[in-house]
Amino acid sequence: MRRSEFTALSEHVFGPVLARTYTLELGLVPFGGRTAAVALDDGEDVRRVWTALCDEMDVPESRRWDIPPEERRRR
C-alpha cells in the first residue's frame with residue numbers, strides 16, 4: 001500500500017475534512033499515541049497505519065479496502 005492509497009481511502013471512508021483531521025490529530029494506540037501522519041512520516045508501514053486508524057474508528061472491514069470505480073477521483 002502506498003501513501004497515496006492511504007489518502008484516497010481515508011478521504012473515501014471519512015470524507016476529505018475528517019480524513020485530514022483524523023490523520024493529523026487522532027492518536028493511535030499501536031503507535032504509542034502518535035498520529036497517523038507522524039507514524040507515516042516516521043516510516044511505519046502504511047497498511048498497518050491504515051488498519052490502526054480503521055480499528056480506532058470502528059470502520060467495518062467491508063469499507064476499508066476498495067473505492068468503487070464510480071467514486072474514484074480522476075487525476
Side-chain angles (χ1 to χ4, degrees):
M1 177 179 213
R2 295 183 309 258
R3 195 161 179 169
S4 60
E5 293 171 298
F6 175 96
T7 301
L9 283 169
S10 63
E11 288 180 357
H12 171 70
V13 171
F14 304 116
V17 174
L18 286 178
R20 182 169 170 76
T21 299
Y22 294 155
T23 300
L24 293 174
E25 297 182 14
L26 182 67
L28 301 172
V29 173
F31 299 101
R34 289 179 290 164
T35 66
V38 171
L40 291 168
D41 287 345
D42 288 348
E44 297 290 350
D45 179 70
V46 179
R47 181 176 288 269
R48 191 167 162 246
V49 175
W50 174 243
T51 299
L53 180 59
C54 288
D55 288 347
E56 185 69 31
M57 299 308 298
D58 294 321
V59 175
E61 189 71 29
S62 62
R63 292 197 59 224
R64 292 182 184 199
W65 301 106
D66 190 36
I67 301 172
E70 64 275 7
E71 293 183 30
R72 291 183 187 152
R73 271 198 262 176
R74 301 215 186 263
R75 294 181 186 223

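Quick note: residue numbers are just sequence positions, from 1.
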Evaluation steps, salt bridge (charged side-chain N to carboxylate O under 4.0 Å, His left out), between Arg48 and Asp55:
CA-CA 10 Å; Arg48 191 167 162 246; Asp55 288 347; over 6 Å; no
Linked, directly or transitively: Leu24 and Leu28 (ILVMFWY side chains, under 4.5 Å)
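Cluster IDs for Leu24 and Leu28 differ.
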Is Trp50 reachable from Val38 through a run of hydrophobic residues whose side-chain heavy atoms are each under 4.5 Å from the next?
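Different clusters: Val38 never reaches Trp50 through Ile, Leu, Val, Met, Phe, Trp or Tyr contacts under 4.5 Å.
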Return the [atom1] to [atom2] distance between [X] and [Y], rounded to the nearest 0.5 Å.
| X | Y | atom1 | atom2 | answer |
| --- | --- | --- | --- | --- |
| Leu40 | Phe6 | CG | CZ | 5.0 Å |
| Leu26 | Arg34 | CG | CZ | 13.5 Å |
| Asp45 | Met1 | CG | CE | 9.5 Å |
| Arg47 | Trp65 | CZ | CH2 | 4.5 Å |
| Thr23 | Phe14 | OG1 | CZ | 7.5 Å |

Provide the closest heavy-atom pair for Ala52 versus Pro30 in the form atom of the first, atom of the second, distance.
CB-CG, 4.0 Å
Arg2 and Val46: which non-hydrogen atoms are nearest, and at how many Å?
O-CG1, 3.7 Å
Charged N to carboxylate O below 4.0 Å: is that the case for Asp58 and Arg63?
no
N-O pairing of Asp41 and Arg3 below 4.0 Å:
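Yes.
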Less than 4.5 Å apart, side chain to side chain, heavy atoms only: is that true for His12 and Asp66?
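No, every pair of side-chain atoms sits at 4.5 Å or beyond.
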Over 12 non-hydrogen atoms of neighbours within 6.0 angstrom of CZ in Arg64
yes
